[in-house]
Amino acid sequence: MEKPVDAHMPFDPPMVGRSPAVLEVRRLVRRVAGAAITVLVEGESGTGKEIVARNVHRLGPRRCRPLVIVNCMELPETLLQSELFGHRRGAFTGASHDRAGLIESADGGTFFLDEIGELPLRQQAALLRVIQEREVRRIGESARRRIDVRFVFATNRDLAALVAKGRFREDLYFRVRGAEIRVPPLRERIEDIRPLAEHFLRQCRPTGAIRLAADAFAALAAYPWPGNVRELRHEIDRACALHPDAGVLLPEMLSPRVRDGSGSSIAAEKPGNTLPSAVKCLELRMIRETLDRMEGNRTRTASALGITRQGLLKKMKRYRMIPE
């Protein structure tokens, strides 16, 4: 068993919050950091899964070695195998030199693969062998290279459900879920909203204090935060950017959807609406707002909404946001 470098080392990045759920996440991070076991971090988009992964690495004995972070949503499927496993010169068109893959580049350290539920089945088989054998084979090579890597994975999907649908390998599922850490959504830990908001305010204005007004906090606490901690940070950053000289964060400085409690319930937009139509209204509003937050980037929007990019495009076509 590996041992933590220092059991009292502070979290960095900080894991802000005082709810029992966050305290449990911190406890689990410290327990697994010094072990060689594979870790699976589960939670909705924007809850802070990467922060958990960074602390698992930093609090463990590999902290002075590389931490390589990869998001499956950010790599085109055509390049995914080469990026993860590397290639030999001449293995395919454009392979002008030998190249180590991202997994191999984490040798001695930690490899963090985010959104593993989006990994295509072909790459799942290759990843399974790497985890089992601690060997990687570059494209175009016959020999395998030994690696010493600690694996941490994250997902916002229900992997067991994907296994049942044949979209995720069952053998890989049991390999990646060595130690499981669930990061709860912000709506399940309302008591963390104030310390998180104050933390982001300090980051926005490190040289000048800005206070959170009571009625502004009430508005933040009433909002359901579908984008979780990431959305809260965006909201605080927006308010600070639009009101650079303010000493107090007031309700009128918040965006309309937060100030007015938009999305705080799945209520119908107009009296008499049915539940299905109300759900459609909420879905359309969330897609529009998330696209706006992500500046039109559809891949990031799909990730934030917890769906695939293909699923997002289908919904956008259904709502006539793009041509059929």
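Quick caveat: nothing in here was measured; it's all calculated off a predicted structure.
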**OP:** Return the minimal non-hydrogen interatomic distance between C72 and L119, and the atom names on each side.
**Re:** SG-CD1, 3.9 Å
Subject >> Pairwise side-chain contact, F151 with R134, heavy-atom cut-off 4.5 Å (strictly under) >> reply: yes
Subject >> R298 side chain near L313 side chain, heavy-atom distance below 4.5 Å >> reply: yes
Subject >> hydrophobic_cluster_shared for V41 and L162, side chain cutoff 4.5 Å >> reply: no
Original post:
Which atom pair, heavy atoms only, marks the closest approach of P61 to G34?
Top reply: CD-CA, 4.1 Å
**OP:** Report yes or no: does W225 contribute a side-chain atom to a donor-acceptor pair with the main-chain N or O of L220 at less than 3.5 Å?
**Re:** yes
**OP:** Please answer: with hydrophobic residues joined when any side-chain heavy atoms are less than 4.5 Å apart, are V22 and V229 in the same cluster?
**Re:** no
Original post:
Are any side-chain N or O atoms of E135 and backbone N or O atoms of I147, one a donor and one an acceptor, separated by less than 3.5 Å?
Top reply: no
Subject >> Pairwise distance OG(S82) to CZ(R99) - rounded to 0.5 angstrom >> reply: 6.0 Å
**OP:** Kindly work out whether a path of hydrophobic side-chain contacts (I/L/V/M/F/W/Y, heavy atoms less than 4.5 Å apart) joins L159 to M73.
**Re:** no
**OP:** Walk me through it: do E235 and R257 pass the test side chain to side chain contact (heavy atoms under 4.5 Å, CB included)?
**Re:** CA-CA 10 Å; E235 183 67 24; R257 70 178 184 278; 3.9 Å; yes
Subject >> Sub-4.5 Å side-chain heavy-atom contact between V70 and L75 >> reply: yes
Original post:
Could you state the interatomic distance from CD (E191) to CG (L196), rounded to the nearest 0.5 Å?
Top reply: 10.5 Å
Original post:
Judged by modelled atom types alone, do N228 and E44 share a side-chain donor-acceptor pair under 3.5 Å?
Top reply: yes
Subject >> Residues R65 and D148 bridged, charged N to O under 4.0 Å >> reply: no
Original post:
For the atom pair CG (L291) and CG (N297), what is the distance rounded to the nearest 0.5 Å?
Top reply: 9.0 Å
Subject >> Pairwise side-chain contact, F85 with R137, heavy-atom cut-off 4.5 Å (strictly under) >> reply: no
**OP:** Check whether the side chains of E231 and Y223 place a donor and an acceptor atom closer than 3.5 Å, and report yes or no.
**Re:** yes
**OP:** Please name the pair of heavy atoms, one in M253 and one in A246, separated by the smallest distance, quoted to 0.1 Å.
**Re:** CE-CB, 3.7 Å
Original post:
Under a 4.0 Å N-O cut-off, is there an ion pair linking K49 with E42?
Top reply: no
**OP:** Provide the closest heavy-atom pair for A125 versus R169 in the form atom of the first, atom of the second, distance.
**Re:** CB-NH1, 3.6 Å
**OP:** Answer yes or no for R194 and F217: cation-pi contact, defined as NZ/CZ to six-membered ring centre under 6.0 Å and angle to ring axis within 45°.
**Re:** yes
**OP:** Using modelled atom types only, decide if a donor and an acceptor are shared between the side chain of R259 and the backbone of L254 within a distance under 3.5 Å.
**Re:** yes
Subject >> Modelled atom types, side-chain donor and acceptor of E115 and T155, under 3.5 Å >> reply: no
Original post:
Donor-acceptor pair, D192 side chain versus R18 backbone, under 3.5 Å?
Top reply: yes
Subject >> Check: P13 main-chain N/O paired with N55 side-chain donor or acceptor under 3.5 Å >> reply: yes
Original post:
Cluster question for you: counting only ILVMFWY and a side-chain heavy-atom cut-off of under 4.5 Å, with indirect links fine, are I37 and L127 together?
Top reply: no
**OP:** Could you tell me whether E170 atom CD has more than 12 heavy atoms of other residues or ligands within 6.0 Å of it?
**Re:** no
Original post:
Do you know which of D171, L172, I116 makes side chain to side chain contact (heavy atoms under 4.5 Å, CB included) with Q124?
Top reply: L172
**OP:** Walk me through it: do E74 and T299 pass the test side-chain hydrogen bond (donor to acceptor under 3.5 Å, both in side chains)?
**Re:** CA-CA 8 Å; E74 295 175 352; T299 298; over 6 Å; no
**OP:** Using the rule that two of Ile, Leu, Val, Met, Phe, Trp, Tyr join whenever any of their side-chain heavy atoms come within less than 4.5 Å, decide whether I190 and F200 are in one cluster.
**Re:** yes
**OP:** Grab the two heavy atoms, one from R177 and one from Y173, that are nearest each other, plus how far apart they are.
**Re:** CG-O, 3.0 Å
**OP:** Check whether any side-chain heavy atom of L305 lies under 4.5 Å from a side-chain heavy atom of S45, and answer yes or no.
**Re:** no
**OP:** For N156 and S303, indicate whether the former's side chain and the latter's backbone hold a donor-acceptor pair under 3.5 Å.
**Re:** yes
**OP:** Before accepting this row, confirm whether a basic side-chain N of the pair R146/E104 lies closer than 4.0 Å to the acidic partner's carboxylate O.
**Re:** no
**OP:** Say whether R150 and T110, considering side chains only, have a donor N or O and an acceptor N or O under 3.5 Å apart.
**Re:** no
Subject >> Evaluation steps, side chain to side chain contact (heavy atoms under 4.5 Å, CB included), between D114 and I69 >> reply: CA-CA 7 Å; D114 199 1; I69 299 175; 5.6 Å; no
Original post:
Would R144 and R129 satisfy side chain to side chain contact (heavy atoms under 4.5 Å, CB included), going step by step from the backbone distance to the final call?
Top reply: CA-CA 11 Å; R144 298 184 179 275; R129 182 176 180 91; 2.9 Å; yes
**OP:** Measure from the side-chain N and O atoms of R26 to the backbone N and O of G17, and report whether any donor-acceptor pair falls under 3.5 Å.
**Re:** yes
**OP:** Compare all side-chain heavy atoms of T38 with those of F153 and state whether any distance is below 4.5 angstrom.
**Re:** yes
Original post:
Checking R58 side chain against M9 main chain: does a donor-acceptor pair fall under 3.5 Å?
Top reply: no
Original post:
Do L67 and F111 have side-chain heavy atoms sitting under 4.5 Å apart?
Top reply: no
Subject >> Working for side chain to side chain contact (heavy atoms under 4.5 Å, CB included), residues E118 and R309 >> reply: CA-CA 10 Å; E118 305 299 332; R309 191 175 190 277; over 6 Å; no
Original post:
Should we count CZ of R122 as having more than 12 external heavy atoms under 6.0 Å?
Top reply: no
Subject >> Shortest non-hydrogen contact between I131 and V176, atoms and distance >> reply: CD1-CG1, 4.3 Å
Original post:
Given side chains that start at C-beta, do those of L249 and R211 come closer than 4.5 Å, heavy atoms only?
Top reply: no
